[in-house]
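Written out below as structure tokens is the structure these notes cover.
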Amino acid sequence: MIYLDNAATTKTAPEVVQAMLPYFTENYGNPSTIYSLGSASKKAVNEARRTIAGAIGAKQEEIYFTAGGSEADNWALKATAEAYEGKGKHIITTKIEHHAILHTCEYLEKRGFEVTYLNVDEDGLVNLDELKNAIRPDTILISVMFANNEIGTIEPIKEIGAIAKERGILFHTDAVQAFGQVPINVDEMHIDMLSASGHKLNGPKGIGFLYIRAGLKLRSFIHGGGQERSRRAGTENVPGIVGLGTATERALRIMEEKTKKELELRDYLISRIEKEIPYCRLNGHRTRRLPGNVNFSFLYIEGESMLIMLDMKGICASSGSACTSGSLDPSHVLLAIGLKHEEAHGSLRMTLSEENTKEEIDIVVDNLKQIVTKLRDMSPLYEDFLKRQKD
Amino acid sequence: MYSEKVMDHFQHPRNVGEIENASGVGTVGNAKCGDIMRMFLDIDENGIIRDVKFKTFGCGAAVATSSMATELVKGKSIQEAMQVTNKAVMEALDGLPPVKVHCSLLAEEAIHAALWDYAEKNHITIEGLKKPKADIHEGEEEEQY
């Protein structure tokens, strides 16, 4: 099997699993208890919190564990809206956010908030002037993703943070795809809130965190016990937290080497496709993109068909076609960068890890060439295109 | 997600291609929704579908329903072809996931569109045949929650 869907999820690293195991079997104590079994759990949770805080230049009391990235996004937006609605009811975000942000914004709109969805350019980048122009006296929050999950484009987070700070507006970033992949510093980048998820960096599923800058008066997300400084009640997911801590430590340790390897593979994959498969386009910014992200539209064919054929060859990838989104519309991200519907339907995302090899990339391209040819041979759109060429 | 029959017809689609100077050609669906089917019919003087070919832009289910639809109408009379409903196509494929049912509608529409073209070219009317919709997804609305 060749796994090229690391933006969907990653393999849990063996050292992460090893670190987690004792917290299921031996050190199963509740961190809130007084005896030493519980203290061991508490110590492990605090260590993980310290590691994660250090990874983004935060203080450990600014890290709040959640059940994942979607929860962190929901918390950041809903709690900010509620806490700051006295100041205003306007939020600025982008058209290419993850649904955890977009659907939360829609929820807030139904409750009287106004949301501006910024456009992005053809590479997926936010325009800073458009952002400045969107700011109003009643704007309470700017939420822009760190890097896009589909096309890999990395947004100008530091510049956006500086604008937000200057105008006295809170800045949240959904860093689910970026945390552990690219360097992040919440102070340098003026980030007030940041969401991340464990399973995107070879950690376990079901664990994530929200960074909340000290001093922000956000309401509790889950009411109950005193866990997470009473802001997110519920007995801690100790094995998950330990796993996330270990995954973070590992991600920082290997980041340089991993990035170098992924960049080489990424650019090799892009160049082979562009050289060998006609009528395709690279989606997302060519250089300002996540090291492991490759996203192409292959004209005149449809994504799900490509995915099934790749799967039959043991290759895992993903697509922004409607058929894979469960609705009639293709990916909102691909439409936002200006693709036509049929171009968006024909998209293929391949997201690499440091474990992929050049040999695997060669196998993928060789298979992809055959698959694209086969699907074009049965495509009425390709037939029409060839006829237009002749005329 | 897909039945074995769907996967078989997707991997080995029957009757892919074009028929030059076909008796009837019908194209349905649109690129916006991600499915386009084109059906070519070769109909002899006795009204028997002698040959049928298709081309499809779409997902696995769209390819499989087109392929199955061509099998179901090949060698049949026009009236028999009119009986090939989307349900018949789905049953022949051992079912489709709920979100893919519209693909089977597309297959039925493609046959009808090709027959409509044949009828127009030959100035005849086919009993029960209505003018095909320009957009297969007309009137379909997504559920709001």
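Every chain is numbered from 1 and lettered A, B, ... according to where its sequence line falls, protein lines coming before strand lines.
- By a heavy-atom distance cut of under 4.5 Å, B:R38, B:F40 are the residues of residues 38-46 of chain B near chain A, going up by number.
- Residues A:E304 and B:A61 approach most closely at OE1-N, 4.4 Å, considering heavy atoms.
- Taking each heavy atom of A:M1 and A:C316 in turn, the nearest pair found is SD-SG, 3.8 Å.
- The aromatic rings of A:H345 and B:F57 sit perpendicular, their planes meeting at an angle over 60°, well past the 30° parallel limit.
- A distance-only check finds a donor-acceptor pair linking the side chain of A:T153 to the backbone of A:H285 [under 3.5 Å].
- Residues of residues 359-376 of chain A placed with any heavy atom under 4.5 Å of a heavy atom in chain B are listed by number as A:K374.
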Stepwise side-chain hydrogen bond (donor to acceptor under 3.5 Å, both in side chains) test for A:D73 and A:S195: CA-CA 6 Å; A:D73 284 343; A:S195 308; 2.7 Å; yes
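- Remark: the A:S321 side chain and the A:E302 side chain contain an N/O donor-acceptor pair separated by less than 3.5 Å.
- Evaluated for a side chain to side chain contact (heavy atoms under 4.5 Å, CB included) with A:N148, the options A:T94, A:V333, A:V120 yield exactly one hit, A:V333.
- Of the possible donor and acceptor atoms, one in the side chain of A:N6 sits under 3.5 Å from a partner among the backbone N and O of A:T351.
- Between A:R349 and A:D5, at least one side-chain nitrogen of the basic residue sits less than 4.0 Å from a carboxylate oxygen of the acidic one, meeting the salt-bridge criterion.
- The closest side-chain heavy-atom distance from A:N149 to A:K200 is not below 4.5 Å.
- The nearest pair of heavy atoms linking B:P13 to B:V63 is CB-CG1, 4.1 Å.
- No donor-acceptor pair under 3.5 Å is formed between the side chain of B:W116 and the backbone N or O of B:G24.
- Heavy-atom neighbours of chain B within the stretch residues 381-391 of chain A, taken at a separation under 4.5 angstrom, comprise A:L381, A:E383, A:D384, A:K387.
- Proximity of a side-chain donor or acceptor of A:D311 to a complementary backbone N or O of A:L307 within less than 3.5 Å is not detected.
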Should A:H332 and A:K95 be marked as a side chain to side chain contact (heavy atoms under 4.5 Å, CB included) after you check the CA-CA gap, both sets of side-chain angles, and the distance that decides it? CA-CA 7 Å; A:H332 64 284; A:K95 287 185 176 166; over 6 Å; no
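- Top candidate by heavy-atom pairs under 4.5 Å with chain B, chosen from A:M312, A:M306, A:E343, is A:M312.
- Of the possible polar contacts, none joining the A:S347 side chain to the A:S297 backbone as a donor-acceptor pair under 3.5 Å is found.
- The residue among A:M378, A:M309, A:K340 with the most heavy atom pairs within less than 4.5 Å of chain B is A:M378.
- Contacts between B:E18 and chain A at a heavy-atom distance below 4.5 Å involve the side chain alone, from C-beta outward.
- The most heavy-atom pairs under 4.5 Å with chain B, out of A:S379, A:P380, A:S305, come from A:P380.
- Using modelled atom types, one side-chain atom of A:E97 and one backbone atom of A:M145 make a donor-acceptor pair closer than 3.5 Å.
- With B:S3 contributing its side chain and B:L93 its backbone, the two residues share a donor-acceptor pair below 3.5 Å.
- Taking 4.5 Å as the heavy-atom cut-off, none of the residues of residues 272-283 of chain A approach chain B.
- For a residue to count as touching a neighbouring chain, one of its non-hydrogen atoms must lie under 4.5 Å from one of that chain's; by this rule B:P97 does not touch chain A.
- The local environment of NZ in A:K313 is sparse, with at most 12 non-hydrogen atoms from other residues, nucleotides or ligands closer than 6.0 Å.
- Using modelled atom types, one finds a donor on one side chain and an acceptor on the other under 3.5 Å when comparing B:S104 with B:N86.
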